[in-house]
*Asks:* 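Shown below is the structure under consideration.
Ligands are counted one by one from 1 in listed order, and the atoms in each one are counted from 1 as well. Nothing here was measured: the structure is a model prediction, and the numbers come from that model.
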Amino acid sequence: MKKLQTERLFLRPITTHDSVRIEELAGDFDVAKSTLNIPHPYPEGSSIQFIESILSAERNNNIIMFGITEKELNLLIGLINLNLSKSYNRGELAYWVGKQYWGRGYGTEATKALLEYGFNYLNLNKIFAASFTSNPGSWRILEKVGLKYEGTLRQHVARFGQFYDLAYYGLLKEEFDKESSDEGRF
Ligand SMILES: CC(C)(COP(=O)(O)OP(=O)(O)OC[C@H]1O[C@@H](n2cnc3c(N)ncnc32)[C@H](O)[C@@H]1OP(=O)(O)O)[C@@H](O)C(=O)NCCC(=O)NCCS
């Protein structure tokens with residue numbers, strides 16, 4: 001089964017053993033509030049169903065999800081995934097990192113690894129992501145790993161009673177391959 005490695009992280013498949021840890025980290029309102037699908041308050045025990053639904057979607061090739069773990073402590077610190085569109089050979093990136101681990105570059109490190117996996121292993125033609133414009137931590141990651149800004153859909157979603165603008169970012173395989181080969185030259 002898939003397992004990716006970066007300098008400080010392992011990205012590995014999630015299992016039902018991760019349920020308590022997922023609830024502990026994703027149960028923080030500051031983590032949930034800028035995502036579209038983490039419930040708040042997080043219903044106790046419900047992450048088991050969440051994990052099982054992900055494992056089932058993975059079997060159908062609709063999603064690929066990794067647990068982000070700190071290598072040193074072997075501890076789950078977040079989740080990252082690609083929602084897959086078979087028809088368009090496209091992946092939509094999404095991620096969260098537990099609040100006490102923010103600002104250490106882990107989100108960027110995990111996202112870079114997933115881009116490589118998506119383009120080089122899954123052979124996707126495009127990877128894209130949407131971020132609340134009010135969530136710089138997220139769109140900065142997308143900019144840093146090379147996704148290009150494609151536009152903003154105004155007040156496109158609502159969360160906890162407030163509307164949010166969504167900024168879309170995307171990267172094509174041809175762009176990723178070019179950037180990788182340019183980097184390899186130096
Ligand atoms: C978004 C999130 C994944 C960022 O994770 P992270 O590990 O802290 O990200 P990084 O440390 O790699 O930082 C990425 C960049 O964003 C910047 N950044 C992070 N948080 C920021 C904030 N609150 N305000 C401004 N910039 C911020 C960092 O400074 C860094 O940019 P820099 O290198 O130019 O300084 C994390 O905040 C999170 O899980 N938030 C809740 C869930 C969420 O919003 N998910 C995304 C949904 S689209």
*Asks:* Quick one: sort the Phe128 and Tyr168 rings into parallel, tilted or perpendicular, breaks at 30° and 60°.
*Replies:*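 Rings of Phe128 and Tyr168: parallel, as their planes differ by under 30°.
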*Asks:* Report the residues that fulfil side chain to side chain contact (heavy atoms under 4.5 Å, CB included) with Asn89, sequence neighbours left out, ordered by chain and then residue number.
*Replies:*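 Asn89: side chain to side chain contact (heavy atoms under 4.5 Å, CB included) contacts with Leu124, Asn125.
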*Asks:* Looking only at heavy atoms, which two atoms of Gln155 and Asp165 are closest? And how far apart?
*Replies:*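 Looking at all heavy atoms of both residues, the shortest contact is N-OD1, 2.6 Å.
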*Asks:* Are there any protein N or O atoms under 3.5 Å from the N or O atoms of ligand 1? List them with distances, or say none.
*Replies:*
from: ligand 1; atom 1: 7 (O); to: Gly107; atom 2: N; distance (Å): 2.9
from: ligand 1; atom 1: 8 (O); to: Gly103; atom 2: N; distance (Å): 2.7
from: ligand 1; atom 1: 11 (O); to: Arg104; atom 2: N; distance (Å): 3.4
from: ligand 1; atom 1: 11 (O); to: Gly105; atom 2: N; distance (Å): 2.7
from: ligand 1; atom 1: 12 (O); to: Thr108; atom 2: N; distance (Å): 3.0
from: ligand 1; atom 1: 12 (O); to: Thr108; atom 2: OG1; distance (Å): 2.5
from: ligand 1; atom 1: 33 (O); to: Lys144; atom 2: NZ; distance (Å): 2.5
from: ligand 1; atom 1: 34 (O); to: Arg140; atom 2: NE; distance (Å): 3.2
from: ligand 1; atom 1: 34 (O); to: Arg140; atom 2: NH2; distance (Å): 2.6
from: ligand 1; atom 1: 39 (O); to: Val97; atom 2: N; distance (Å): 2.7
from: ligand 1; atom 1: 39 (O); to: Val97; atom 2: O; distance (Å): 3.3
from: ligand 1; atom 1: 44 (O); to: Ser34; atom 2: OG; distance (Å): 2.7
from: ligand 1; atom 1: 44 (O); to: Asn135; atom 2: ND2; distance (Å): 2.7
from: ligand 1; atom 1: 45 (N); to: Tyr95; atom 2: O; distance (Å): 2.8

*Asks:* For Phe66, is the NZ or CZ atom of Lys2 found under 6.0 angstrom from the centre of its six-membered ring and inside 45 degrees of the ring axis?
*Replies:*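 Geometry flag: set, cation within 6.0 Å and 45°.
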*Asks:* For Val20, which fellow cluster members are found when Ile, Leu, Val, Met, Phe, Trp and Tyr are connected by side-chain heavy-atom distances below 4.5 angstrom, either directly or through intermediates?
*Replies:*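 Same cluster as Val20: nobody, lone residue.
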*Asks:* Any pair with a residue in residues 10-26 that passes side-chain hydrogen bond (donor to acceptor under 3.5 Å, both in side chains), sequence neighbours left out, goes on the list, sorted by first then second residue, please.
*Replies:*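 Pairs touching residues 10-26 that pass the test: Arg12-Asp18, Arg21-Glu24, Arg21-Tyr101, Glu23-Ser47.
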